[in-house]
Amino acid sequence: MPRYENSRFTDLKGEVLYHFLFVSSFSEYTVVDINHVVKIDPAIPPDRACLFGCCIATGVGAACKVANVEAGSTVVIFGLGSIGLAVAKGAKLCGANRIIGVDVNPDKFEIAKKFGVTEFINSKDCGNESLSQVVKEMTGGGADYCFECVGLASLVQEAYASCRKGWGKTIVLGVQKPGSQLSLSSFEVLHSGKTLTGALFGGVKAKSDLPLLLKRYTDNELQVDEFVTHEVKFQDINRAFELLMGGKCIRCVIWMDK
């Protein structure tokens with residue numbers, strides 16, 4: 001709920017409509033807190049600007065700002081949806097040497113190559129080894145940076161275990177269902193010297209950071225066109241969800257008036 005613990009919206013019957021992360025994406029008209037408004041260049045097309053509302057900002061921000069990925073480093077991304085692919089974009093911008101993508105869908109690898117992913121692990125094909133064991137064997141001890149982009153507590157634990165001792169960083173971007181718990185060894189947390197952190201919206205500050213990200217787009221430094229694979233009218237919103245659940249799209253733009 002917003003800051004005053006009530007909603008600005010009701011339906012035709014007067015019933016309260018709730019917000020998710022203060023966003024009212026499916027409202028034709030909305031009342032917006034001034035702190036959530038950022039003025040952008042009107043020349044930026046809306047079907048690209050909308051990507052910076054979560055997808056690009058979260059993934060690129062997590063790589064460049066929260067993790068501060070160093071050039072020549074090794075990155076592992078758990079989950080190659082749009083957020084994971086945006087992380088790959090950010091890691092590539094930072095100069096990462098190896099970007100390893102992990103997913104259960106092998107078709108994602110060919111797609112992910114276009115976003116900077118250099119290697120792929122199908123988590124269903126690990127055999128008797130854990131996913132973290134496979135990662136550590138591939139990387140000679142663990143990755144410098146791991147990004148969990150699915151929203152599974154068990155995968156957060158695998159990502160943390162996949163990080164290199166001494167300096168590895170695990171950044172959690174996936175949204176897990178409420179009440180989910182992590183289970184980590186206290187001994188390992190103390191002795192491994194690794195970092196585990198969450199990064200809502202990629203650590204991006206809307207007022208100051210979004211204009212910088214958008215400038216990287218207008219300067220052709222940050223390519224985002226390939227994220228949009230489908231566009232539908234609002235009345236076809238269920239079709240958009242079908243594409244998403246079936247792994248048929250990366251980002252589907254929904255137009256209110258098209």
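Of the candidates Thr195, Leu182, Val189, Val189 is the only one forming a side chain to side chain contact (heavy atoms under 4.5 Å, CB included) with Tyr160. Of the candidates Cys146, Ser132, Ser123, Glu158 forms a side chain to side chain contact (heavy atoms under 4.5 Å, CB included) with just one, namely Ser132. If you run salt bridge (charged side-chain N to carboxylate O under 4.0 Å, His left out) between Glu226 and each of Arg251, Lys89, Arg48, only Lys89 comes through.
Between the side chain of Glu242 and the backbone N or O of Gly246 there is no donor-acceptor pair closer than 3.5 Å. Checked by atom type and distance alone, the side chain of Asn122 pairs as donor or acceptor with a backbone atom of Lys124 at under 3.5 Å. A donor-acceptor contact shorter than 3.5 Å links the side chain of Asp103 to the backbone of Leu80. Of the possible polar contacts, one joining the Lys65 side chain to the Gly203 backbone as a donor-acceptor pair under 3.5 Å is found. In this structure, the side chain of Asn97 does not engage the main chain of Thr74 through any donor-acceptor pair within 3.5 Å. In this structure, the side chain of Gln157 engages the main chain of Ser183 through a donor-acceptor pair within 3.5 Å. Judged by distance alone, with hydrogens and angles left aside, the side-chain atoms of Arg98 form no donor-acceptor pair with the main-chain N or O of Ala143 at under 3.5 Å. The closest donor-acceptor contact from the side chain of Glu188 to the backbone of His191 lies at 3.5 Å or more, if one exists at all.
Counting heavy-atom neighbours within 6.0 Å of Lys215 NZ, excluding the residue itself, gives a total of 12 or less. Atom CD of Glu137 is surrounded by more than 12 heavy atoms from other residues, nucleotides or ligands within 6.0 Å.
When all heavy atoms of Cys149 and Leu173 are compared, the closest pair comes out as SG-CD1, 3.9 Å. Closest of all the heavy-atom pairs between Phe147 and Ala67 is CZ-CB, 3.6 Å. Across Val204 and Gly61, no two heavy atoms sit closer than the pair CG2-CA, 3.9 Å. In plain terms, the two heavy atoms of Tyr145 and Asn68 that are nearest each other are OH-O, 3.5 Å. Nearest heavy-atom pair, Ala62 versus Ile171, reported as atom, atom and distance to 0.1 Å: CB-CG2, 4.3 Å. Taking all atoms of both residues into account, the shortest heavy-atom contact from Ala88 to Val117 is CB-CG2, 3.9 Å.
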Would you sort out whether Val156 and Leu196 count as a side-chain contact (heavy atoms from CB on, under 4.5 Å), showing the intermediate values? CA-CA 9 Å; Val156 173; Leu196 173 65; 4.1 Å; yes
Are Leu222 and Ile56 close enough, and set up right, to give a side-chain contact (heavy atoms from CB on, under 4.5 Å), and what steps lead you there? CA-CA 10 Å; Leu222 176 60; Ile56 302 299; 3.8 Å; yes
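In the hydrophobic clustering of ILVMFWY residues, with side-chain heavy atoms under 4.5 Å counting as a link, Leu85 and Phe201 come out together. Residues Val66 and Val69 share a hydrophobic cluster, clusters being chains of Ile/Leu/Val/Met/Phe/Trp/Tyr side chains in contact below 4.5 Å. Val150 and Ile77 fall into different hydrophobic clusters, where Ile, Leu, Val, Met, Phe, Trp and Tyr are joined by side-chain heavy atoms under 4.5 Å apart, directly or via other members. Clustering ILVMFWY residues whenever any of their side-chain heavy atoms sit less than 4.5 angstrom apart, transitively, puts Ile121 in a cluster other than the one holding Ile83. Hydrophobic clustering (ILVMFWY, side-chain heavy atoms < 4.5 Å, transitive): Val224 and Leu212 are in distinct clusters.
Side-chain contact between Trp255 and Asp47: present, with at least one pair of heavy atoms (C-beta onward) separated by less than 4.5 Å. With a 4.5 Å cut-off on side-chain heavy atoms, Val102 and Val76 count as touching.
Interatomic distance, CG of Asp257 versus NZ of Lys233, reported as 11.0 Å (0.5 Å rounding). Here the CG atom belonging to Leu244 is positioned 11.0 Å from the NE2 atom belonging to His230, to the nearest 0.5 angstrom. With rounding to the nearest 0.5 angstrom, the CG atom of Leu131 is 5.0 Å from the CZ atom of Phe78. Expressed to the nearest 0.5 Å, how far CD of Gln235 lies from CD1 of Ile254 amounts to 11.0 Å. Here the straight-line distance linking atom NZ of Lys194 with atom CG of Leu184 works out to 9.0 Å at 0.5 Å rounding. Atom CD1 of Ile44 sits about 11.0 Å away from atom CG of Leu51, to the nearest 0.5 Å.
Taking the six-membered ring where the residue is Trp, Phe120 and Phe109 present parallel rings, their angle staying beneath 30° rather than reaching 60°.
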